[in-house]
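Just so we're on the same page: letters track the sequence lines, and every chain starts at 1. No experiment lies behind these values; they were computed from the predicted model shown.
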Amino acid sequence: MHFLDELNERQREAVEYIHGPLMVVAGAGSGKTKVLTARIAYLMERGVDPFHILALTFTNKAANEMKARIERMLGSTEARNLYIGTFHSVFARLLRADAHRLGYPPNFTIYDTEDSKNVLKKIISELQLDDKHYRPGMVHHRISNAKNSLIGWEEYQQFPEFMQQDAQAGRPMIGKIFEWYAKRCFQNGAMDFDDLLYQMYVLLTRFPDVLHKYQHKFQYILIDEYQDTNPAQYAIIKLLGAVHENICVVGDDAQSIYSFRGATIQNILQFEKDYEDVKVVKLEQNYRSTRNILSVANEVIAYNKHQLPKVLWTQNDEGEKIKLISLLSEHEEARFVADTIAEQKYRNHYANKDFAVLYRTNAQSRSFEEHLRRLNIPYKIYAGISFYQRKEIKDFLAYLRVIVNPKDEESLLRIINYPSRGIGDQTLQKCQLLAREQGISVWEVFENIRKYPLRSAAINQIEDFVVMIKNLQLLLDKENAYTVAMEAGKASGVVKELYNDKSVEGIARYENVQELLNAIKEFTEMPDSEGELTDKSLGSYLQQITLLTDADEEKEESDTVKLMTIHAAKGLEFPCVFVVGLEEGLFPSAMSINTREELEEERRLFYVAITRAKEKLWLTYTANRYRYGNFVQNDPSRFISELPPAYIETPYRRNDAVPYSKHYAQEKMPVTSAGSFSLPKRQPAPAVHTPSPDFKPDDFRLMKPGMKVEHQKFGYGYILSIDGNAANPIATIRFELSGEKKIMLNYARLRIVQDNAADSQ
DNA sequence: TCGGAAATGTTTTTT
DNA sequence: ACATTTCCGA
């Protein structure tokens with residue numbers, strides 16, 4: 001069957017309209033990827049050379065999947081020649097070709113967020129500013145936002161609005177830090193994530209011939225997830241597409257969830273006004289979810305004010321109602337989720353991989369891990385930390401970065417004393433000072449280290465180091481990335497150092513580095529694309545991997561329950577979904593309830609979470625939760641009151657529903673809230689003891705054996721003894737109502753009733 | 001210079 | 001609760 005025959009009318013319209021600007025408003029589950037791939041395949045079938053097609057996606061994973069799908073559709077390897085990837089990776093590749101025109105080396109290093117923050121931290125201290133007041137993360141965010149709006153440091157200092165804002169916030173030096181940061185990165189031959197966009201824009205605007213080259217190369221431009229693009233990306237697309245105007249953007253304003261990264265929903269809301277004769281196609285038929293799930297999603301998102309008008313509908317079954325579950329603690333929540341998964345697997349023959357647990361913050365994963373492990377349910381966490389961000393990997397990569405670009409001071413200082421060579425902080429401080437005084441790089445100081453008055457032991461070590469790096473650099477031209485990397489591992493002593501560490505973590509680190517080496521080997525053995533030889537050099541490799549994220553590394557899909565943030569779940573779908581932690585302050589996040597815009601984005605996030613579910617959806621929230629290591633009480637999320645009652649049920653937990661947890665038997669109290677749906681109230685504590693009206697917990701450090709205390713649940717009791725260490729004292733308390741209990745004092749909330757402690761004075 | 005212990009901050013989301 | 005940073009003594 002031809003791929004066009006698999007499309008509905010709207011989808012087909014979006015595929016076949018290939019000339020002029022097109023906006024496809026693709027609701028959740030409306031077959032967006034299908035349309036994008038079919039469109040590209042269609043273009044190629046009509047004779048458009050893949051070398052002339054540029055497709056920009058949000059993740060590398062999406063790009064690779066699309067490429068593979070197109071190959072299958074066309075039954076050819078032509079798709080290999082498409083320019084397809086994330087904004088960042090495509091622009092990195094383009095910048096590499098012309099970096100010299102901006103004064104950067106072709107092998108420029110790409111700094112990830114951690115690298116950037118380290119550079120900023122150093123600059124803040126060099127400027128003798130207080131890093132508590134100028135927090136590197138905060139400064140980075142501000143600089144990042146500026147660059148994503150195409151504001152360089154000069155403009156930043158010129159525009160009074162920025163400087164005034166900073167001055168009002170009591171941070172007048174951010175402009176200065178920005179300047180130093182930009183200059184330092186340039187000296188280091190490094191671009192950060194934002195530079196890949198910003199410098200691309202500079203390149204295109206400053207060099208008309210470069211602009212001309214790409215305007216004619218990219219005759220057809222497609223952009224996925226357009227709702228999450230930022231002003232810099234917008235401006236670049238506008239430039240690149242100016243000649244042919246064959247721009248197709250695909251997105252869903254209801255799923256715009258990346259404004260914290262500088263994305264602006266305005267790009268998609270305004271697209272119709274940006275070009276003349278914009279064709280708009282709306283994909284409103286949902287193929288993913290049950291009617292109940294979709295109804296809830298539609299009603300929730302209707303609370304947002306600014307939207308492109310559309311209504312999702314489906315021919316799917318009504319499905320089950322959405323379950324809303326109230327629980328006492330995050331512990332209970334995790335147990336409920338694990339138990340329910342076990343039950344659903346048993347009753348309805350679901351596989352592990354049919355389930356996803358979605359949460360607002362990565363920190364929430366822990367309790368689910370514990371309970372899934374307890375029931376022997378295999379799971380996989382998709383956490384923020386990517387393989388390439390692990391310390392041992394970054395250390396090793398720093399060697400490779402220095403070989404390729406010795407000006408990269410960040411990487412150089414990272415490895416100069418790893419493995420330990422007796423080159424300490426004092427020496428390195430002096431070297432940096434020397435470099436700054438003479439306006440040269442630290443590497444150049446190292447190259448002539450004998451000229452400077454330093455400890456002779458350190459001088460010898462640095463000299464050896466320089467010789468080693470230079471020898472490795474000689475390999476660059478003759479050998480591929482893998483060979484260079486292997487030699488670097490040997491010569492530096494890093495591999496030996498890791499091999500000698502026989503601790504559990506040490507072995508894991510060694511294995512990780514071996515895995516890295518394998519990945520590099522794989523890279524060098526990848527087939528070339530037809531028209532051009534792919535660059536197999538180490539420099540080319542390094543520029544790719546910094547842009548890889550966790551989601552991109554997924555090998556074949558394993559049969560595991562998936563745990564991830566809602567952001568990470570964007571674009572995915574699962575038969576059964578748990579959206580957990582629906583509590584005020586957590587979801588919506590306390591950070592995002594100050595403006596309507598922020599709150600609407602949180603609501604879109606909720607919408608994204610709901611629409612991941614195909615068949616069954618559970619929403620959970622708890623009354624108590626750990627935060628910062630102490631219990632806090634939470635109100636149910638305001639989003640819960642926005643749920644349409646007709647599609648929701650709030651079941652009791654029945655005894656026969658969860659025979660899988662060995663802990664269940666101990667549980668006597670019903671853990672879910674009762675009966676018909678209404679705005680959920682906080683769980684009443686089990687009615688063992690009614691706390692006194694003026695109950696207020698006292699500082700646990702005041703507690704001594706012999707005192708009479710009150711506990712909110714257990715009632716009155718006497719402290720018999722206190723053991724454990726000072727940081728985590730454990731008291732044995734005899735309660736009048738519930739007998740002896742061991743209580744961890746720094747978590748428990750206890751009120752001192754009577755201070756007749758035996759040994760107090 | 002280096003290692004371990006104490007103190008401190010951190011949690012919103014990520015290319 | 002955790003990780004990271006800072007402090008301190010050898």
Side-chain angles (χ1 to χ4, degrees), chain A residues 56-63 85-92 110-114 116-118 121 125 131-132 135-138 140-141 144 147-148 191-197 225 228-230 232-233 256-263 330 358-367 382-386 388-389 391 417 420-429 455 457-458 461 544-552 564-570 581 585-593 598 601-602 604-606 608-609 625-632 726-728 744 746-747:
Chain A
L56 297 167
T57 61
F58 194 69
T59 62
N60 293 295
K61 189 181 161 206
T86 61
F87 277 90
H88 291 82
S89 61
V90 167
F91 291 169
I110 297 173
Y111 281 165
D112 65 17
T113 308
E114 188 198 333
S116 300
K117 282 188 194 164
N118 286 339
K121 207 180 288 174
S125 107
D131 67 352
K132 278 173 197 92
R135 296 235 302 282
M138 182 253 134
H140 178 257
H141 188 247
S144 174
K147 281 203 256 191
N148 283 326
M191 295 199 199
D192 65 14
F193 283 154
D194 309 313
D195 281 327
L196 295 175
L197 308 179
E225 309 281 13
D228 286 321
T229 52
N230 63 37
Q233 292 165 325
S256 163
I257 54 173
Y258 277 93
S259 73
F260 68 91
R261 214 168 82 185
E330 57 186 330
L358 307 182
Y359 34 74
R360 181 64 178 77
T361 68
N362 276 307
Q364 286 166 257
S365 67
R366 178 168 286 272
S367 52
Y382 291 79
I385 283 257
S386 126
Y388 294 101
Q389 282 163 10
K391 204 176 273 156
N417 198 33
S420 184
R421 301 182 172 91
I423 304 166
D425 215 34
Q426 294 298 315
T427 309
L428 294 178
Q429 287 297 333
R455 286 176 55 237
Q461 287 293 326
Q544 291 192 15
I545 51 150
T546 312
L547 301 169
L548 289 182
T549 55
D550 211 29
D552 301 323
M564 63 183 90
T565 62
I566 299 163
H567 282 89
K570 190 171 93 160
L586 186 62
F587 191 16
S589 161
M591 314 278 200
S592 311
I593 49 176
E598 285 175 347
E601 177 148 325
E602 293 287 304
R604 290 194 293 269
L605 198 52
F606 187 38
V608 168
R625 179 179 295 278
Y626 273 107
R627 213 164 196 195
Y628 285 120
N630 39 20
F631 252 141
V632 292
N728 187 20
M744 295 169 86
N746 46 0
Y747 307 137

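- Between the CD1 atom of Ile545(A) and the C1' atom of dT15(B) there is a distance of 15 Å, rounded to whole Å.
- Put simply, CG on Leu197(A) is 13 Å from P on dT15(B), counting in whole angstrom units.
- Considering only side-chain N and O atoms, Asn417(A) lies under 4.0 angstrom from the phosphate OP1 or OP2 of dC2(B).
- In this structure, Asp112(A) places its CG atom 11 Å from P of dT15(B), rounding to the nearest Å.
- Across Leu197(A) and Gln233(A), no two heavy atoms sit closer than the pair CD1-CG, 3.8 Å.
- For the pair Arg604(A) and Glu601(A), the salt-bridge criterion is met [side-chain N within less than 4.0 Å of a carboxylate O].
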N/O to N/O distances under 3.5 Å, protein versus nucleotides 8-10 of chain B:
| unit_1 | atom_1 | unit_2 | atom_2 | d |
| --- | --- | --- | --- | --- |
| dT10(B) | OP1 | Arg135(A) | NE | 2.6 |

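- By the stacking rule of 5.5 Å between ring centres and under 30° between planes, Phe260(A) stacks on the base of dT13(B).
- In the displayed structure, Arg421(A) atom CZ is contacted under 6.0 Å by more than 12 heavy atoms of other residues, nucleotides or ligands.
- His141(A) contributes a side-chain N or O that, together with a main-chain N or O of Phe260(A), makes up a donor-acceptor pair within less than 3.5 Å.
- Rounded to whole angstrom, the span from the CG atom of Asn60(A) across to the P atom of dT15(B) amounts to 9 Å.
- Atom P of nucleotide dT14(B) and atom OH of Tyr388(A) are separated by 19 Å, given to the nearest angstrom.
- Within the 4.0 angstrom heavy-atom criterion, no nucleotide atom of any strand lies near Phe587(A).
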Every protein N/O lying under 3.5 Å from an N/O of nucleotides 2-10 of chain C:
| unit_1 | atom_1 | unit_2 | atom_2 | d |
| --- | --- | --- | --- | --- |
| dT5(C) | OP1 | Lys121(A) | NZ | 3.2 |

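- Dashed line: the shortest gap from a side-chain N or O of Thr427(A) to OP1 or OP2 of dT1(B) is under 4.0 Å.
- Among the nucleotides dC2(B), dT1(B), dT14(B), the one closest to the side chain of Arg455(A) is dT1(B).
- When heavy atoms are screened at a 4.0 angstrom cut-off, Thr113(A) is found touching base atoms of the nucleic acid.
- Within 4.0 Å (heavy atoms only), Phe58(A) reaches sugar-phosphate atoms of the nucleic acid but no base atom.
- Atom-to-atom, CG of Asp194(A) to P of dT14(B) comes out at 16 Å; the value is rounded to the nearest Å.
- OP1 and OP2 of dT15(B) both lie 4.0 Å or more from every side-chain N or O belonging to Ser89(A).
- Nearest-nucleotide mapping onto DNA chain B: of Glu601(A) and Gly424(A), the residue sitting toward the 5' end is Gly424(A).
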Given the rule in the side-chain contact (heavy atoms from CB on, under 4.5 Å) test, do Lys147(A) and Asp195(A) qualify, once you have shown the distances and angles that lead to the verdict?
CA-CA 7 Å; Lys147(A) 281 203 256 191; Asp195(A) 281 327; 3.0 Å; yes
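- Here the side chain of His140(A) pairs no donor or acceptor atom with the backbone of Thr113(A) at under 3.5 angstrom.
- The distance from atom CE of Met564(A) to atom P of dT13(B) is 15 Å, rounded to the nearest whole Å.
- Within the 3.5 Å criterion, the main-chain N or O of Tyr626(A) finds a donor-acceptor partner in the side chain of Glu330(A).
- At dT11(B), none of the side-chain N or O atoms of Asn362(A) fall inside 4.0 Å of OP1 or OP2 (strictly under the cut-off).
- No donor-acceptor pair under 3.5 Å is formed between the side chain of Gln544(A) and the backbone N or O of Ser89(A).
- Heavy atoms only, all atoms of each residue included: Phe58(A) and Thr86(A) are closest at O-CG2, 3.6 Å.
- For Asn417(A) (side chain) and Gly422(A) (main-chain N/O), a donor-acceptor pair under 3.5 Å exists by modelled atom type.
- If you measure from atom NE2 of His567(A) to atom P of dT14(B), you get 7 Å, rounded to the nearest angstrom.
- Among the atoms of the strands shown, only primed sugar atoms or phosphate atoms (P, OP1, OP2) are found under 4.0 Å from some heavy atom of Gln426(A).
- Listed nucleotides dT11(B), dT15(B), dT13(B) differ in distance to His88(A); the shortest reach to its side chain belongs to dT15(B).
- Closest non-hydrogen pair, Leu196(A) versus Phe91(A), comes out as O-CB, 3.5 Å.
- Looking at which nucleotide of DNA chain B each of Ile423(A) and Thr57(A) is closest to, the 5′-most match is held by Ile423(A).
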